[in-house]
Amino acid sequence: MQANYRESMLDKVHTLIKEVNGFTTTSKEEIEAFRIKYLGSKGLLKKLFSEFKNIDAEMRKDFGQALNTLKKSAENKVSELRDNLENTKEYEAVYGDLTRPAEPIELGARHPISIVRNQIVEVFSRIGFTVSEGPEIEDDWHNFTALNLPEYHPARDMQDTFFVEKSQEVEKDMLLRTHTSSVQIRYMENNKPPIRTISPGRVFRNEDISARSHCIFHQVEGLYIDTDVSFADLKQTLIYFTKEMFGKSKIRLRPSYFPFTEPSAEVDIYWGLKTETDYRITKGTGWLEIMGCGMVDPNVLKNTNIDPQKYSGFAFGMGIERIAMLLYQIPDIRMLFENDIRFLEQFKTVI
Ligand code: DAH
């Protein structure tokens, strides 16, 4: 009886040690309950120590050791669980509760110039045009001379130029390109017809800054060269473009002059006169000028070693700011350069 009792007491302590070591929780309350159960003033260890006197002398050593192990294990367990709890709290303070629903990430906004540029590129890429680019610091040859604008040509005055470096030979003067037509020349010098390319980019003119004009702006140039390209091809391409871009396909071509095209025309689209704004921006006519165009002058083809007897083509050029201002009803071109966040964030939903 006595022997059995001793054995079972020792077994019980060993079972409790296992139980203690296996215990785990992340709840503050459960840790406290655990502490009270084992180490509290009316806890299990108190009770077991009070059994000590009933144990045979020869067993006391084993029993005592087992009880000490149990006590140490319980104490270690409590401090280990408390430490864990502290760490979790710190972790949550830093990273928050990882199980809660995520905060939506705020979207940035594309600049309206980029939005319009991308749209134009997209519309033309659908009919086989590829994008080409050229340098913003350009030489006179590509910006003027090759485009049928030799030295002393009066039309050079149409575009007030920022010169970077004057040279002995006019063709080698360096300047900030005044239009993206310079890319036409570069493209024709390096590619054989058929050519279908559009060239978006930044251009510079020595002009006063106002609500309607800026010394820095953006253009998209278009160029199509092949055998038998006619003015009718140009017109159809423009109708396609205005329909895709503005949802309007009524256009008119007004005779105009550009040195690099012959004949040349200015393209107006019929915007309508539905609102007060329509009246204001079309000056009461309903018509809006959106670009210049024409058949590539044979001299330009010659300047880039393309045979004008065999090939013909058309070109066009438009300002991106002007189109962005039309589409988004932006009253002042300067807003496009100020980078005021209150203006820019309005374009957030447009991808
Ligand atoms: N380069 C002209 C400008 O900046 C725009 C232009 C007009 C480009 C007619 C063309 C064109 O290719 O054919 O005002």
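Keep in mind that the numbers below use all heavy atoms, side chains included, and drop hydrogens, waters and symmetry copies. Worth saying up front: this structure is predicted, and the values here are computed from it rather than measured. We number each residue from 1, following the sequence as shown. Start at 1 and go down the list; that is how both ligands and their atoms are numbered.
Under the 30°/60° scheme for interplanar angles, the aromatic rings of Phe314 and Tyr224 are found to lie parallel.
Scanning for side chain to side chain contact (heavy atoms under 4.5 Å, CB included) contacts around Ser210 gives Arg212, Ser213, with sequence neighbours left out. Judged as a side-chain hydrogen bond (donor to acceptor under 3.5 Å, both in side chains), and not counting sequence neighbours, Arg117 has no contacts.
Each of Arg156, Lys172, Lys166 was scored for a side-chain hydrogen bond (donor to acceptor under 3.5 Å, both in side chains) with Asp140, with one residue passing: Arg156.
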**Study point:** Intermediate values then yes/no, salt bridge (charged side-chain N to carboxylate O under 4.0 Å, His left out), Lys28 and Glu32
**Key:** CA-CA 6 Å; Lys28 200 175 161 190; Glu32 187 54 12; over 6 Å; no
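Its side chain within the 4.5 Å cluster rule, Phe217 clusters with Val203 among the Ile, Leu, Val, Met, Phe, Trp and Tyr residues.
Around ligand 1 you find Gln159, His179, Ser181, Gln184, Arg205, Gln219, Glu221, Phe258, Phe260, Thr261, Gly292, Cys293, Gly294, Ala315, Phe316, Gly317, each with a heavy-atom distance below 4.0 Å.
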